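Please read these numbers as outputs of a predicted model, since none were measured by experiment.
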Amino acid sequence: MKSPVHRCRDVEHGRGHTGLHTGANSGFLQSEQRIPISKEIITAASSSTAMWFIKDACGIVCAVITWLLVFYAEFVVLFVMLLPSKNLLYSIVNGTLFNSLAFLALASHFRAMCTDPGAVQKGNATKEYIESLQLKPGQVVYKCPKCCSIKPDRAHHCSVCKRCIRKMDHHCPWVNNCVGETNQKYFVLFTMYIALISLHCLVMVVFHFLYCFEDDWTKCSSFSPPATVILLILLCFEALLFLIFTSVMFGTQVHSICTDETGIERLKGETGKWGKVPCWEAMEAAFGGRFSLSWCSPFAGLSCKKNPPGHEPVVFQGEIIEEDVIEIPLN
């Protein structure tokens, strides 16, 4: 027997609002009077506890390239600049700082990639599930025709993840995941730490070039002078490119959080359709609490404990509804 998800019709370009009738005696509200369903009602029964990983070939390749570029920077910093240095204190301080930032960057990348961004569970667009929500008259429920899920307010469908994502900002191939409500913090930390290690690399490359010009090139590196120059130039180009890219992304994400407005909402002109929260309150919601050092940690909230009984993902039964818009009648 097929599940509700398999019985769903996959419509790529959307459908008209079938099953919606308005009029004087229809018992329904006009479109401008409908009350959208809040995300809290749907989220309560749609959270998934399974390991999250998107099986997208392009995203996996981009994620692997990201790690390889960080490892290349690690190789050049350690074996070309720090280990051959005659100043032990300089090597220890810069080596500790660079490796700490690189570790935090990769940890943030891993959590951004393997954290559920706020996906709405598939196949919950059934009559039985809608009745269990106990909605009030006048509230309207929207069904995604692509993944057969009841869409909460401010949710959008991702064609790569094939799910509706709450407060979806964009799908980033470099982390092979969507940036959404529950993993935006890790994406912000990833861009911040990559920008910091890129800046650190540029500063160390400048100092190393000055040191080699003053001293003998054969003594300032374990490699030959041509190989040393090529490795440093490649590292400088990589660091400059990623510094610009991640700095822009970091600023964009912080701006989106402070304005309580995602990239997709700005693109589609959906601004002003919800009650925006103040900047600091939005930052606390995105980073998981009041300001503290945990804001800068990709390990905050990480737990290996299994969910207690009764918190397993709900399996929805019943036939998928045909309508894309379901309104609770007034009578």
Would you name the heavy atoms of [X] and [Y] that are closest together and state the gap between them?
X	Y	answer
Gly263	Asp169	N-OD1, 2.9 Å
Ser149	Cys164	OG-SG, 3.6 Å
Ile257	Met283	CG2-SD, 3.5 Å
Tyr186	Ala112	CB-N, 3.7 Å
Gln253	His170	NE2-CE1, 3.7 Å
Leu82	Met204	CD2-SD, 4.2 Å

Item to complete: Using the ring pair (Phe, Tyr, Trp, His ring centres under 6.0 Å) rule, collect all pairs that involve residues 276-295, keeping only residues at least two apart or in two chains.
Response: Trp280-Trp295, Phe287-Trp295, Phe291-Trp295

In Å and rounded to the nearest 0.5 Å, what is the [atom1] to [atom2] distance from [X] to [Y]?
X	Y	atom1	atom2	answer
Phe79	Phe223	CZ	CZ	8.0 Å
Arg163	Asp116	CZ	CG	6.5 Å
Cys148	Lys143	SG	NZ	5.5 Å
Phe242	Thr66	CZ	OG1	6.0 Å
Leu101	Cys201	CG	SG	9.5 Å
Cys236	Leu232	SG	CG	8.5 Å

Is there side-chain contact between [X] and [Y], with at least one heavy-atom pair below 4.5 Å?
X	Y	value
Phe250	Val248	no
Thr182	Arg166	yes
Val120	Ile150	no
Cys161	Asn177	yes
Leu189	Arg111	no
Phe207	Tyr90	yes
Leu231	Leu235	no
His109	Ile194	no

Discussion item. Within a 6.0 Å radius of atom CZ on Phe209, are there more than 12 heavy atoms belonging to other residues, nucleotides or ligands?
Written reply: yes

Worksheet item: Would one find more than 12 heavy atoms of other residues, nucleotides or ligands at under 6.0 Å from atom CG of Leu293?
Response: no

Practice prompt. Tell me, with the steps shown, if Val206 and Leu202 meet side chain to side chain contact (heavy atoms under 4.5 Å, CB included).
Written response: CA-CA 6 Å; Val206 171; Leu202 287 174; 5.6 Å; no

Worksheet item: Is a salt bridge present between Glu181 and Lys167, judged by a nitrogen-to-oxygen distance below 4.0 Å?
Response: no

Spell out, yes or no, whether [X] and [Y] are grouped together once hydrophobic residues are joined by side-chain heavy atoms under 4.5 Å, including indirect joins.
X	Y	result
Phe190	Ile244	no
Tyr72	Val205	yes
Phe110	Ile65	yes
Leu243	Trp174	no
Leu234	Val76	yes

Discussion item. My understanding is that a hydrophobic cluster links ILVMFWY residues whose side chain heavy atoms are under 4.5 Å apart, including indirect links. Using that, what else belongs to the cluster containing Ile92?
Written reply: Leu88

Item to complete: Quick one: name the residues clustered hydrophobically with Ile165, using the 4.5 Å side-chain heavy-atom rule over I, L, V, M, F, W, Y, and just say none if it's on its own.
Response: Met168, Ile264

Item to complete: Give me the ring orientation class for Trp67 and Phe71: parallel if the planes are under 30° apart, tilted from 30 to 60°, perpendicular past 60°.
Response: perpendicular

Worksheet item: Is it true that the side chains of Asn183 and Trp52 contain a donor and an acceptor less than 3.5 Å apart?
Response: no

Discussion item. Quiz question: by atom type and distance under 3.5 Å, do the side chains of Ser256 and Arg266 form a donor-acceptor pair?
Written reply: yes

Practice prompt. Show your working on ring-ring contact (aromatic ring centres under 6.0 Å, His included) between His200 and Tyr193 and close with a plain yes or no.
Written response: CA-CA 10 Å; His200 191 202; Tyr193 287 127; over 10 Å; no

For the side chain of [X] and the backbone of [Y], is there at least one donor-acceptor N/O pair under 3.5 Å apart?
X	Y	result
Ser297	Phe299	yes
Asp56	Asn176	no
Thr96	Val93	no

Practice prompt. Test side chain to side chain contact (heavy atoms under 4.5 Å, CB included) on Arg290 and Glu284 and set out the steps.
Written response: CA-CA 6 Å; Arg290 294 182 178 275; Glu284 290 179 342; 4.1 Å; yes

Practice prompt. Evaluate the criterion side chain to side chain contact (heavy atoms under 4.5 Å, CB included) for residue pair Leu78 and Asn99; output intermediate values, then yes/no.
Written response: CA-CA 10 Å; Leu78 289 181; Asn99 283 281; 4.0 Å; yes

Discussion item. Pair Lys268, Thr262 - check side chain to side chain contact (heavy atoms under 4.5 Å, CB included), show working.
Written reply: CA-CA 10 Å; Lys268 292 186 175 183; Thr262 67; over 6 Å; no

